[in-house]
Amino acid sequence: MKNMTDTSSIRVRFAPSPTGYLHVGGARTALFDWLFARRYGGAFILRIEDTDVERSSEEMTTGILEALTWLGLNWDEGPYYQSKRLDLYKQAGQRLLEGGHAYYCACPAGGHTIACREQASREGGGAVRFRVPQGTVSFKDDVIGEISIESDTIEDFVLLRSDGHPTYHLSVVVDDIDMRISHVIRGTDHVSNTPKQILLYRALGAPLPAFAHVPLILGPDKTRMSKRHGATSVMAYQEQGIVPEAFRNFLALLGWSPGTDQEMFGDDELIQAFSLQGISKANAVFNPEKLSWFNAQYLAKLPDHKLIAYLKPEFINAGLWRDTLENEEADRFKLLLEALRPRSKTLHDFVRQSRPYLGTTLEYDQAAVAKVSKEPQIREHLHTLADRLQSLPDFNHQTLEAVIRALAEELAVKPGTLMGGARVALTGLSVSPGIFEVMMILGPETTIQRLRTF
RNA sequence: GGCCCCAUCGUCUAACGGUUAGGACGUGGCCCUCUCAAGGCCAAAAUACGGGUUCGAUUCCCGUUGGGGCUACCA
């Protein structure tokens, strides 16, 4: 076994196949790879496994890169493309052939029998198969523990297809050796593949890396995540208004635990806390409600400039953006954001709730108007309120509250009645942030004007 | 079917032979309160089952059941 105490030799890779978009399971694996590399000062390498020309596409590769970037998982090397390294695999296949570890097989696809080994040749056509040796293959997985299997349960698998393209097992092993990968961290769907690959390492005379297989992420119905579960693509979460910080924090805690009760993790904290020992052996069910909670937590705490950066495209999309929001109107815009933070679970919630404050015209919810109109003199009262505000020298929370409470007492109505009326007059709705916040967001001019015209 | 792996509240998980089995999401209640949220407090909620080993099992071993993965000239 190689000595892994020298952390400068830590090299991990994320090796997606561009036959689909980056799904949550892949993202979580990538996150663990990245975390492990960062934790030990190693290298995080990105490799695109596009040896299946039929099913791979460039758009998918682009999408995967985009998703990793969105998640903030920056790579140190790559992306390497297996489709550009075909010679390497052929050479390895040739070496295996020459060493007697492999043979040509002309059986029709799917029709291979062990008898084929007998006529095995080092030349000729067809696919190249690995000659699986007798014996027990065992290895220590860093998360699962000791695993062993009899090699006679493994078929002589294909190394090189008839067309000369390598299959997965050959290309991973060749690349992991060539790229000096020290730790293979990947999904548990690969544990059954590991013995085959170990046999290949041996046949190629290369030292073994450490293996760590992380459990799968299941959909809410406890079956494997798939399109049926709706949003399984990482980018679908961006579209839903999820912020990458939240998604990453949520993902980190799916199948991994720091061993403490801490749940909110900043980047550096997460890197420091991460270890293979904390990875669970059992599959985890994806819990959308918890993701939503994480998102709300982050939306509440994100620094203004980051929040605004995420929000800007959304506002532009909704036709609510104007550059003054970052300049002349910056103060009241930030006031609006503060008011909306605890009321938003997604980025869309900000936009949806911003209309009454950023829109030029106000739409009244008729039910809200009707409810407030039960107080017969509410309009007169609100007009009086407008007059009082007109002469208010200082427009802040304290002075506004003082004016409203004093007026309510004077008019012999409950303060809530006045506030409720003002809410509808100012926002058109029966729900909003605190009424004084609303007034400050709107500013004296708009506040007074809307009260008067109600 | 064969082989491999897994199993604590509904969900994510803590416990690494001795705890009233802890935390979080969600759920219910209360508080706060100008509405809605957020926030605070409280509550209900789990060791799959059966055998061992042990003074003592969530924890170690075996079996059962359940779940997942692999079994392609996919990755």
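Throughout, a chain's letter reflects where its sequence line sits, starting with A, and its residues are numbered from 1.
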Between the protein and nucleotides 8-12 of chain B, which nitrogen or oxygen pairs come in under 3.5 angstrom?
from	atom 1	to	atom 2	distance (Å)
B:U11	OP1	A:K222	NZ	2.6
B:C12	OP1	A:V285	N	2.8
B:C12	O2'	A:L253	O	2.7

What is the distance, rounded to the nearest whole Å, between atom [atom1] of [X] and atom [atom2] of [N]?
X: A:L199; N: B:C70; atom1: CG; atom2: P; result: 19 Å
X: A:K140; N: B:C4; atom1: NZ; atom2: C1'; result: 17 Å
X: A:L170; N: B:A75; atom1: CG; atom2: P; result: 10 Å
X: A:R186; N: B:C5; atom1: CZ; atom2: C1'; result: 15 Å
X: A:K196; N: B:A75; atom1: NZ; atom2: C1'; result: 12 Å
X: A:I217; N: B:G69; atom1: CD1; atom2: C1'; result: 15 Å
X: A:H169; N: B:A75; atom1: NE2; atom2: C1'; result: 9 Å
X: A:D156; N: B:C73; atom1: CG; atom2: P; result: 11 Å

First encountered from the 5' end of RNA chain B, between A:F294 and A:L160
A:F294
Position toward the 5' end of RNA chain B (nearest nucleotide), A:G145 or A:R55
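The residue mapped nearer the 5' terminus is A:G145.
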Between A:T399 and A:N396 (side chain of the first, backbone of the second, donor and acceptor by atom type, cut-off under 3.5 Å), is there such a pair?
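Checking the backbone N and O of A:N396 against the side chain of A:T399, a donor-acceptor pair under 3.5 Å is found.
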Donor-acceptor under 3.5 Å (A:N295 side chain, A:A246 main chain):
no
Please measure how far the C1' atom in B:C60 lies from the corresponding atom in B:G22, and state the result in whole Å.
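Approximately 23 Å lies between the C1' atom of B:C60 and that of B:G22.
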Counting side-chain heavy atoms from C-beta on, which of [options] comes nearest to [X]?
X: A:D261; options: B:C6, B:G22, B:G69; value: B:G22
X: A:I147; options: B:G26, B:C4, B:C74; value: B:C4
X: A:L216; options: B:C3, B:G69, B:A75; value: B:G69
X: A:D189; options: B:C74, B:G69, B:A75; value: B:G69

Could you check whether [X] gets within reach of a base, just the sugar-phosphate, or nothing at all, counting any heavy atom under 4.0 Å?
X: A:T417; value: nothing
X: A:S162; value: base
X: A:D52; value: sugar-phosphate
X: A:Q82; value: nothing
X: A:R341; value: nothing
X: A:H112; value: nothing
X: A:T260; value: nothing

Electrostatic pair A:R452-A:D387, nearest N-O below 4.0 angstrom
yes
Flag if over 12 foreign heavy atoms under 6.0 Å of [atom1], [X]:
X: A:E77; atom1: CD; result: yes
X: A:E146; atom1: CD; result: yes
X: A:E409; atom1: CD; result: no

Which protein N or O atoms sit under 3.5 Å from an N or O of nucleotides 34-37 of chain B?
from	atom 1	to	atom 2	distance (Å)
B:C34	OP1	A:R405	NH2	3.0
B:C34	O2	A:R423	NH1	3.3
B:C34	O2	A:R423	NH2	2.5
B:C34	N3	A:I435	N	3.2
B:U35	O2'	A:S430	O	3.4
B:U35	O2	A:S432	N	2.8
B:U35	O2	A:S432	O	3.1
B:U35	N3	A:R423	NH2	3.3
B:U35	N3	A:S432	O	2.4
B:U35	O4	A:S432	O	3.4
B:U35	O4	A:P433	O	3.4
B:U35	O4	A:G434	N	3.0
B:C36	O2	A:R343	NH1	2.8
B:C36	N3	A:R343	NH1	2.4
B:A37	O2'	A:P342	O	2.7

Hey, do the aromatic rings of [X] and [Y] have their centres closer than 6.0 Å?
X: A:W256; Y: A:F274; value: yes
X: A:H381; Y: A:F454; value: no
X: A:F286; Y: A:Y237; value: yes
X: A:F436; Y: A:F395; value: no

Once you apply the 3.5 Å cut-off to both distances, tell me the Watson-Crick or G-U wobble partner of [N], or none.
N: B:G50; result: B:C62
N: B:C3; result: B:G69
N: B:C25; result: B:G10
N: B:U33; result: none
N: B:A38; result: none

Please confirm whether the shortest side-chain N or O distance from A:Q353 to OP1 or OP2 of B:A38 is below 4.0 Å.
no
Less than 4.0 angstrom between a side-chain N/O of A:S192 and OP1 or OP2 of B:C5, yes or no?
no
With rounding to the nearest 0.5 Å, note down the distance linking CZ in A:R85 to CZ in A:R47.
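Here the interatomic distance stands at 7.5 Å.
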Are A:K196 and A:F157 in a cation-pi setup, meaning NZ or CZ lies under 6.0 angstrom from the ring centre and within 45 degrees of the ring axis?
yes
